[in-house]
Visitor: 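Here it is, the structure in full.
The first residue of the sequence shown is numbered 1, and numbering continues consecutively from there.
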Amino acid sequence: MGISAGKSKHVEEGDNNVFWTTMSDLMLGLAIIFMTLFVLAMTGFTQETVELQQNQIKASEQMAEKLKEADIDAEVDKLTGNVKISELQLFEVGSYTLSEKGKRYLDKFVPIYINTIFSNPALYENVVNVVVQGHTDSQMFKGLKSPNDQFAKNMELSLLRANAVEQYMFKTAYDKKYDATLRKMLTVEGKSFSEPVLTADGKEDLAKSRRVELKLRVKAKNISRMFGLNFGGY
């Protein structure tokens, strides 16, 4: 009887060990499957993002070369696509009407910008919006004491300047086969002084804060990225 009982206990323990071994293998298998799916998903996302970034860089390089050939003074960030234009380009001080200098600048710049972007299918197919974005500095208007009133007044100015650029863009000599697409994608924003340009010591650079930016809002799965161009204003 003692021997029989011992065998029975041994069998039960063996069965338990088999059960836990099977569960451990199952959990390990599920974990491996989950990690594999996760890595595949992340790899696919990364690949799409990398390809989009490469297209942005390629377009930036093409644009920089064409701007240089056209003798347009601009600093192009070839990684982000951001183009910084020297100050005093578009508007007279305190005005939202394009200066003659500003019109001449846009006459040369806009065709290069539009034709470069829309002739690149790999980039264009990911474009959601072409954004014309106005910015001001934080200097105060006379007679307005409330910070909210100052912000609102600068918002109006930034939006009027962005509108002036947007309206004039259609008058430039870019390839007009892009008209319908540009009308569909073009949008205007005013930012007031909410996004100032800062100096190395953290102070506002008033001249560079007064600007209009042209940006492409592009899609990368569920993430939007901004690919932009800055124009100096006043």
Side-chain angles (χ1 to χ4, degrees), residues 63 67 72-77 80-114 117 127-172 174 182-218 223-234:
M63 192 177 301
L67 290 173
I72 299 176
D73 185 19
E75 179 185 344
V76 181
D77 186 326
T80 65
N82 186 64
V83 179
K84 295 181 179 180
I85 308 302
S86 59
E87 301 173 12
L88 307 179
Q89 291 289 356
L90 299 178
F91 305 99
E92 299 296 343
V93 177
S95 173
Y96 56 84
T97 301
L98 285 169
S99 65
E100 291 304 312
K101 181 180 180 180
K103 292 178 181 179
R104 290 194 299 270
Y105 182 87
L106 292 177
D107 283 336
K108 293 195 298 181
F109 179 82
V110 173
I112 293 175
Y113 174 70
I114 296 297
I117 297 303
V127 174
V128 178
N129 291 113
V130 178
V131 182
V132 183
Q133 196 175 77
H135 298 256
T136 69
D137 62 32
S138 61
Q139 292 186 103
M140 300 294 100
F141 283 91
K142 292 182 179 179
L144 298 177
K145 297 182 180 180
S146 166
N148 290 336
D149 289 341
Q150 292 289 351
F151 182 82
K153 187 65 176 179
N154 276 286
M155 178 65 77
E156 179 185 13
L157 178 59
S158 66
L159 188 56
L160 286 170
R161 286 178 170 175
N163 272 320
V165 172
E166 174 265 332
Q167 291 170 13
Y168 194 80
M169 286 175 66
F170 289 104
K171 299 179 181 179
T172 63
Y174 63 87
L182 186 58
R183 289 196 301 269
K184 179 180 178 181
M185 293 185 172
L186 199 60
T187 184
V188 176
E189 296 177 355
K191 302 295 287 186
S192 190
F193 49 76
S194 61
E195 298 179 10
V197 176
L198 303 180
T199 62
D201 58 0
K203 296 181 179 179
E204 181 181 4
D205 187 320
L206 297 176
K208 291 184 178 181
S209 291
R210 299 186 294 264
R211 68 201 189 275
V212 171
E213 299 182 5
L214 255 67
K215 298 180 176 182
L216 291 183
R217 183 173 287 120
V218 300
I223 293 181
S224 294
R225 298 163 63 93
M226 297 301 289
F227 165 38
L229 299 113
N230 300 330
F231 297 88
Y234 312 114

Visitor: Just jot down the ring-ring contact (aromatic ring centres under 6.0 Å, His included) partners of Phe170, sequence neighbours excluded, or say none.
Guide: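 By the ring-ring contact (aromatic ring centres under 6.0 Å, His included) rule, Phe170 matches no residue at all.
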Visitor: Give a yes or no answer on whether the side chain of Glu204 reaches the backbone of Ser138 with a donor-acceptor pair at less than 3.5 Å.
Guide: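 Such a contact is found between Glu204 side chain and Ser138 backbone.
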Visitor: Between Ser95 and Thr97, is there a donor-acceptor pair closer than 3.5 Å when you use the side chain of the first and the backbone of the second?
Guide: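 The answer is yes, because a donor-acceptor pair under 3.5 Å joins these two groups.
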Visitor: Considering all heavy atoms of both residues, which atom of His135 and which atom of Gln133 are nearest to each other, and what is their separation?
Guide: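 Closest approach of His135 to Gln133: NE2-OE1, 2.9 Å.
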Visitor: Do you know which two heavy atoms are closest between Leu106 and Thr172, and how far apart they sit?
Guide: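 Of all heavy-atom pairs spanning Leu106 and Thr172, the closest is O-CG2, 3.6 Å.
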Visitor: I'd like to know if the side chain of Asn129 and the backbone of Leu186 have a donor-acceptor N/O pair within less than 3.5 Å.
Guide: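 No; judged by distance alone, with no hydrogens or angles, the pair does not exist.
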Visitor: Can a donor-acceptor pair be found, under 3.5 Å and without considering hydrogens, that links the side chain of Ser209 to the backbone of Pro196?
Guide: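 Not at all, since once roles are kept as given, no pair shorter than 3.5 Å links the two residues.
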Visitor: Apply side-chain contact (heavy atoms from CB on, under 4.5 Å) to residues Leu67 and Met63 and explain how you reach the verdict.
Guide: CA-CA 6 Å; Leu67 290 173; Met63 192 177 301; 4.0 Å; yes
Visitor: Restricting to non-hydrogen atoms, name the atom on Phe151 and the atom on Phe193 that form the minimum distance, rounded to 0.1 Å.
Guide: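 Taking every non-hydrogen atom into account, CA-CE2, 3.6 Å.
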Visitor: What distance separates Ile72 CD1 from Asp107 CG, expressed to the nearest 0.5 Å?
Guide: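 Atom-to-atom, Ile72:CD1 and Asp107:CG are 10.0 Å apart.
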Visitor: Is the number of heavy atoms from other residues, nucleotides or ligands under 6.0 Å of Lys153 NZ greater than 12?
Guide: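 Open: at most 12 neighbouring heavy atoms sit under 6.0 Å from NZ of Lys153.
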Visitor: Considering non-hydrogen atoms only, spot the tightest contact between Ser158 and Gly190 and give its length.
Guide: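 Of all heavy-atom pairs spanning Ser158 and Gly190, the closest is OG-CA, 3.5 Å.
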Visitor: Measure from the side-chain N and O atoms of Gln150 to the backbone N and O of Phe141, and report whether any donor-acceptor pair falls under 3.5 Å.
Guide: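 Between the backbone of Phe141 and the side chain of Gln150 there is a qualifying donor-acceptor contact (under 3.5 Å).
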Visitor: Set out, in order, the CA-CA distance, both residues' side-chain angles and the distance that settles side chain to side chain donor-acceptor pair (under 3.5 Å) for Thr199 and Asp201, then state yes or no.
Guide: CA-CA 5 Å; Thr199 62; Asp201 58 0; 2.2 Å; yes
Visitor: Can you tell me which residue among Leu214, Val188, Val110 is in a side-chain contact (heavy atoms from CB on, under 4.5 Å) with Val165?
Guide: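 Going through Leu214, Val188, Val110 one by one, the side-chain contact (heavy atoms from CB on, under 4.5 Å) with Val165 is satisfied by Leu214 alone.
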Visitor: Does atom OH of Tyr174 have more than 12 heavy-atom neighbours, drawn from other residues, nucleotides or ligands, at distances under 6.0 Å?
Guide: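 Enclosed: over 12 neighbouring heavy atoms sit under 6.0 Å from OH of Tyr174.
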Visitor: Using atom types as modelled and distance alone, determine if a side-chain donor or acceptor of Asp137 lies under 3.5 Å from a backbone N or O of Gln139.
Guide: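 Yes: the side chain of Asp137 pairs with the backbone of Gln139.
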Visitor: Measure from the side-chain N and O atoms of Arg210 to the backbone N and O of Lys208, and report whether any donor-acceptor pair falls under 3.5 Å.
Guide: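 Checked: no pair found.
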Visitor: Quick check for you: to the nearest 0.5 Å, what is the distance between Thr136 atom OG1 and Glu195 atom CD?
Guide: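 If we round to the nearest 0.5 Å, Thr136:OG1 and Glu195:CD are 11.0 Å apart.
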Visitor: Should the pair Glu189-Lys215 be classified as a salt bridge under the 4.0 Å nitrogen-to-oxygen rule?
Guide: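 Salt bridge: no.
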